[in-house]
Amino acid sequence: MNFVANKSDLKVVGTRPVRPDGMDKVTGKAQFGADLTLAGTLVGKIKRSPHAHARIVAIDTSKALAIPGVKSVITAADIPDIPSEEAFVGEGPTNFRDQSLNCIARDKVLYEGHAVAAVAATSSAIADAALAAIEVTYEVLPHVIDVEAAMAEDAPILFEGMITQGVDPKPTKASNIVKKVAFGHGDWQAGMAEADVVVEGKYDTAAVHQAYIEPHACIASVNPDGQTTIFASSQGQFMIRQYTAKILGMDIADIRVTPAEIGGGFGGKTIVYIEPLAVAMSRQAGRPVKIVMTRDEVFRASGPTSGGTIEVKIGAKKDGTITGAYAMVKLQAGAFPGSPVAPACMCAFAMYDLKNVMAEGYDVVSNRAKVAAYRAPGAPISTFAVESVMDELAIKLGMDPIDLRMKNAAKQGTKASYGPVFPVIGFEEVLEAAKAHPHWTAPLGPNQGRGVATGFWFNIGGESSASVFVNEDGSVSVVSGSPDIGGSRASMAMMAAEVLGIPYEKVRPIIGDTAQIGITGVTGGSRVTFATGMATTQAAERAVDELKKRAAMIWDISPDAVDWKDGEAVPAGANAGGFDPLPLAAIALKAAKTGGPINAEVSINAQGAGAAFGAHIADVEVDPETGFVKILRYTAVQDVGRAIHPSYVEGQIQGGATQGIGWALNEEYIYDKNGRMDNAGFLDYRVPVASDLPMIEAVLVEVPNPRHPFGVRGVGEVPIIPPMAAIGNAIKAATGMRLVSLPMSPPKVRAAFDAAKG
Amino acid sequence: MSKIHVTTTVNGEPAEFLCEPQESMLDVLRDTLKLTGSKEGCGSGDCGACSITLDGRLVCSCLMLGVEAEGHSIGTIEGVARGDELHPIQRKFLEHAALQCGFCTPGLIVAVKALLEKNPNPTETEARFWIAGNLCRCTGYDKILRAIMDAAAELRGEVAA
C-alpha cells in the first residue's frame, strides 16, 4: 500500500474510539498473568540468595523434599548447563547461558536475590516451609556495587575469564569491564580547539526499576509426552517460548505460550525469569505450576535499568554553532553483561548536526540484579548529562536554550552522530512547536524556574505477523502476535478498518498464541504500531485483493476491472459493466461458493522505522527549606509521525514523561554496606503518585514517516528521555544551582543549598 | 490449623467461605471466591491495585484478613457495573482512554467510586490526593483525572448521560 499523504483521506485513523479490550479491563474480567488457575495447580516459589556475591558450596534439598505436599524442588542441577551463545531475543543482544544462570544460579550467586532453588507445593504455606528447609552453604565473597568502583584495579571480579572487548591492546587481566564502545565522526578534540566556549560536567544517575504494577507471573503445564503450555504475562509470547526451549533444551514446537494480559512492562518483561523454572517443576511434578513474584522479588531480582556516570564536554562558537562534542558513559550492567551503553552513546548527541563528535562507553558488571530493557534503554541516562551541559552552554552564551538547539538541530540529510544519514525527521518542527507554545513564555513566581530539554530515539521495526479473517457475516477478525500493553488492539483494528473500508466496530482484534500466528518480536522498541501495524495493513490489503477477485467471479468479469471503495467492490469503470456495488458482507456471504474462506496472513521483517524527537518544558518550584521540588507545569512536545489513536499516543507521552519525572526526583536503588537493597518496596522506592503531578500536556507534532502506509513513527520511548534534564534545567533556573546527580531528591537539593551557602 | 467459616456479603449477595486465620481478604477473593478483578501489586498496601470497600469504606484487601469480613459488606470491581450497564466511572475511563495496561484500573475504579460517594464534587487536587494510594505506572494520571472529573460531573447531573 502506498503512503497515504493526505490526512483528510483517512476515515478511521486519527479518531478516538473506545478500545476493544476496554470492557474487560474496567470490569475486572481481563486475565492477567496471575489470574489463571488450572485443576491441580501447585504454588511455585523461589529461594533467593541473601548475599551479594558468594560461591555456592552445597545445596541440600532433602528436608524440603520430605515435607508432605512438596511436589518438586529444583536447583541448577536440574537444568541443562548450556554453553555461551549470543542471540538477539527480546529487545537486544543476549546470551542464552547468561539468561539461564540469571534464572537459577549454578556455581556462584552474583547479587542479593539471585535464585538458587525453586519449589512447587500444594499450598503457599507448604511452599514457604519448603523454601525455609532448603539448606544452602555459601562462601561469601567480597562484592562491588557501584560502576566506577567495579572498574577499579583491585575490585572483586565477578567473572574470572572476563577480558574487556573493544580495547587495543587486548588486556591480559580479567576485569568487570565487559566492553568498550565508541560512536562518532570527525575530530572532536580539533572541534574543541575551534570553540569560543567550552562547557563540561560529570553527571551520575541511579539504577531505576520499570516498576510495572503487575509482578511477573506465569502458569506452566507439562504433559508426560513433553507437550508444554505456558500462560504468562510478558512483552512477547515468542520470546518466552524461545528462551524456555533454549534454557531447558526443548524443541520450540513442544511449547505453546499464550500471552496473558500484561500489567505493564516498559522493557522489563522482555526476558524470562520464572517460566523455565515453572516448566522444569511441572515436568517433575506432573501438575501445573504457577509462579507469581512478590513485589520484593520484582525489585531485587528483575529489571532494573543501569545507573552510571556520564562525562560530557561541548564546545561552541559565540553564535552557538557547536564545534565539538564528547561523552564518556560508564554503565552498570548488573550481574551479567548487557547494559544499554551502546544506545546510550548512540543517542547522546543524535539531536544535533555535528561535524566533530564522539561518545565512548563502558559496559560494567557488578553485584546488582541483571539490568533489563527500560523504555529507550540508555538514552535517558546520557541525555540527562548532554542536555544539562547544553543548558549550561546556553547560559554561558546568553542564548535562548531552544534557539541554541535550533541552531544545531539535526535535519533531513544530517549525518547522525551514530552513523546513518537521517531521512525525513521532525526535530526542527518539534523545537518550533515548543517555542511557540504559550507555556514557554508564561510568567513564573518566586523560587520557580523553567527548563527545556530534548531527546532522540531510533524506534525499530522487525519481525511481525498478522492475519485478517473475513467472517461469514462481514465482520472481520484481526489476529496479531504483539501483546497489547497500552491500547495496540485499537490501533490494529483501526488500521485494518481503514484499509477494508468498514467501520471500526466491525473489526475484532485478537492477540494470538504462539500456535495461532507467525513469529512476532516483543512489544518493545516502540515497534508495534509501526511494524505489526504494517503487517496488519498488508494482510488487510491482501484480503481486499481477494474480495475483489471474488466480486469479479460473481460478476464474471476480470479482477482488474474491480475497484474497492468504502468497503464495497465497484466496477472500475463504465466498460467493466453496470453492476451494483457489492459490500464486503455480501461477498463474505458467498465465500463458500466462490472459492472458500477469505483470509490473509502476512509475516514481515518491517524496515523503515522512523526516528523521533521530543522537547519537554518543565516548570518547578523549589522549597529552599526542605529541598522539595514541585512540578508546576509540564509540556511534552513530540514528533509522532502520525497518530493512529491520538488518545493512546498522548497517553504514551504522558506516561513516559511521568516515569522520567520519577527518575529525576525520587527513584533510586539504595544498597546497604553488604550489597543488599534497602528499599525493595513501593513505600521506599517512590514512583510518582497522582498528588505529585500536574496535568501533563502532550503536544503531537505530525511529520509522517513515509515508510509506513499511515505515516507512523514509534512514540512510546522518546518521552522518558528529556524529563531529567528538563527538570534539572528548571531547578537551575529557579535556584542558580546545577544538580548533577539523580535523583534530585530533597536531601540532595538541600545539600546543594547548604554547599552554595558555604 | 483448621479453617474458619465466614459469613459475609460480597457485591450485595450473601457469601460464605472457609479461610485460614492468617489469609488475606485479597487471597480469599482471588483464590477462594474466584473474583480475580482485585489485583496484587505489592501485598503491603502501597499500590492500591487490590482496593475494595468494606461497608462502603475504601480498604486495601491485601491488608485485611478474610475473617474480618464476617458480618460485613464487601464491594469489589466485579460489583461496580449493574448487569450489562457500566457504571459512569467505568464508561468515562474508557471514553477518556484512562487506562493503558489496565492492571491498576479495577482498584482505581473502586477507589474513585468510594470518593464520589463521599464527595460528589471534588476539586482536581482532592481527587489527586484521594487516589494517591493507587499507583498507575502507565498513564501519568492525566487522563485518569479527566475521567474522574467528567464522571463526577455526570453523576451530579451536570451533563447529559
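Basis for what follows: all heavy atoms, side chains included, without hydrogens, waters or symmetry-related copies. Below, read A as the first sequence line, B as the second, and so on, with proteins coming before strands; counting in each chain starts at 1. Everything numeric here is computed off the predicted structure, so don't read it as measured data.
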Peer 1: To the nearest 0.5 Å, what is the distance between OG1 on A:T27 and CG on B:L86?
Peer 2: 7.5 Å

Peer 1: Using non-hydrogen atoms and a 4.5 Å limit, figure out which bit of B:F129 sits close to chain A: side chain, backbone, both or neither.
Peer 2: both

Peer 1: Quick one: which of A:Q654, A:K25, A:E697 has the most heavy-atom pairs under 4.5 Å with chain B, could you say?
Peer 2: A:Q654

Peer 1: Against chain A, label B:S44 side chain, backbone, both or neither, depending on which of its atoms sit under 4.5 Å from a heavy atom there.
Peer 2: neither

Peer 1: Got a second to check how far B:D31's CG is from A:T37's OG1, nearest 0.5 Å?
Peer 2: 6.5 Å

Peer 1: What are the two closest non-hydrogen atoms of B:L99 and A:Y648, and how far apart are they?
Peer 2: O-CE2, 3.2 Å

Peer 1: Please give me the minimum heavy-atom distance between A:F266 and B:C138, naming the atom from each residue.
Peer 2: CZ-SG, 3.6 Å

Peer 1: If I measure from the heavy atoms of chain B, does A:M23 come under 4.5 Å with its side chain, its backbone, both, or neither?
Peer 2: both

Peer 1: Under 4.5 Å, heavy atom to heavy atom, which residues of residues 57-69 of chain B contact chain A?
Peer 2: none

Peer 1: Pick one of side chain, backbone, both or neither for A:E214, based on which atoms fall under 4.5 Å of a heavy atom in chain B.
Peer 2: both

Peer 1: I need the A:I213 CD1 to B:T105 OG1 distance, nearest 0.5 Å.
Peer 2: 10.5 Å

Peer 1: Where is the tightest heavy-atom contact between B:F103 and A:G263, given as atom of each residue plus distance?
Peer 2: CB-CA, 3.6 Å

Peer 1: Does any backbone or side-chain atom of A:P17 lie under 4.5 Å from a heavy atom of chain B? Answer side chain, backbone, both or neither.
Peer 2: neither

Peer 1: Check whether B:L94 gets within reach of chain A through its side chain, its backbone, both or neither, counting any heavy atom under 4.5 Å.
Peer 2: both

Peer 1: Taking A:M695, A:R295, A:Q659 one by one, which has the highest count of heavy-atom pairs under 4.5 Å against chain B?
Peer 2: A:M695

Peer 1: Return the minimal non-hydrogen interatomic distance between B:C101 and A:I262, and the atom names on each side.
Peer 2: CB-O, 3.2 Å

Peer 1: Calculate, to the nearest 0.5 Å, the distance between atoms CZ and CD belonging to A:R19 and B:E95 respectively.
Peer 2: 14.5 Å

Peer 1: Would you mind checking which part of A:I485 comes under 4.5 Å of any heavy atom in chain B, side chain (CB onward), backbone (N, CA, C, O), both or neither?
Peer 2: backbone

Peer 1: Checking heavy atoms, do the side chain of A:A34, its backbone, both or neither come under 4.5 Å from chain B?
Peer 2: both

Peer 1: Output yes when A:D35 and B:R30 qualify as a salt bridge under the 4.0 Å nitrogen-oxygen rule, no when they do not.
Peer 2: yes

Peer 1: Any side-chain to backbone donor/acceptor pair from B:R128 onto A:L693? Under 3.5 Å, distance only.
Peer 2: yes

Peer 1: Check B:L145 against A:A690 and note the closest heavy-atom contact, atom names and distance.
Peer 2: CD2-CB, 4.5 Å

Peer 1: Could you tell me which portion of B:Y141 (side chain, backbone, both or neither) has an atom closer than 4.5 angstrom to a non-hydrogen atom of chain A?
Peer 2: side chain

Peer 1: In terms of heavy-atom pairs under 4.5 Å with chain A, which of B:D46, B:V80, B:L35 leads?
Peer 2: B:D46

Peer 1: Checking A:Y634 against chain B: side chain, backbone, both or neither under 4.5 Å from a heavy atom?
Peer 2: neither

Peer 1: Which of the residues A:G487, A:G264, A:A211 is involved in the greatest number of heavy-atom pairs with chain B at under 4.5 angstrom?
Peer 2: A:A211

Peer 1: For B:E40, is it the side chain, the backbone, both, or neither that has a heavy atom closer than 4.5 Å to a heavy atom of chain A?
Peer 2: backbone

Peer 1: Could you have a look at A:R16, A:E650, A:H645 and say which one has the most heavy-atom pairs with chain B under 4.5 angstrom?
Peer 2: A:E650

Peer 1: With a 4.5 angstrom heavy-atom cut-off, is it the side chain or the backbone of A:Q31 that approaches chain B, or both, or neither?
Peer 2: neither

Peer 1: Search all heavy atoms of B:R137 against all heavy atoms of A:Y685 and return the closest pair with its distance.
Peer 2: NH2-OH, 4.5 Å

Peer 1: Quick check on the interface: out of A:G655, A:G28, A:A698, A:S691, who has the most heavy-atom pairs with chain B under 4.5 Å?
Peer 2: A:S691

Peer 1: When rounded to the nearest 0.5 angstrom, what distance separates CD in B:E20 from OG in A:S123?
Peer 2: 7.5 Å

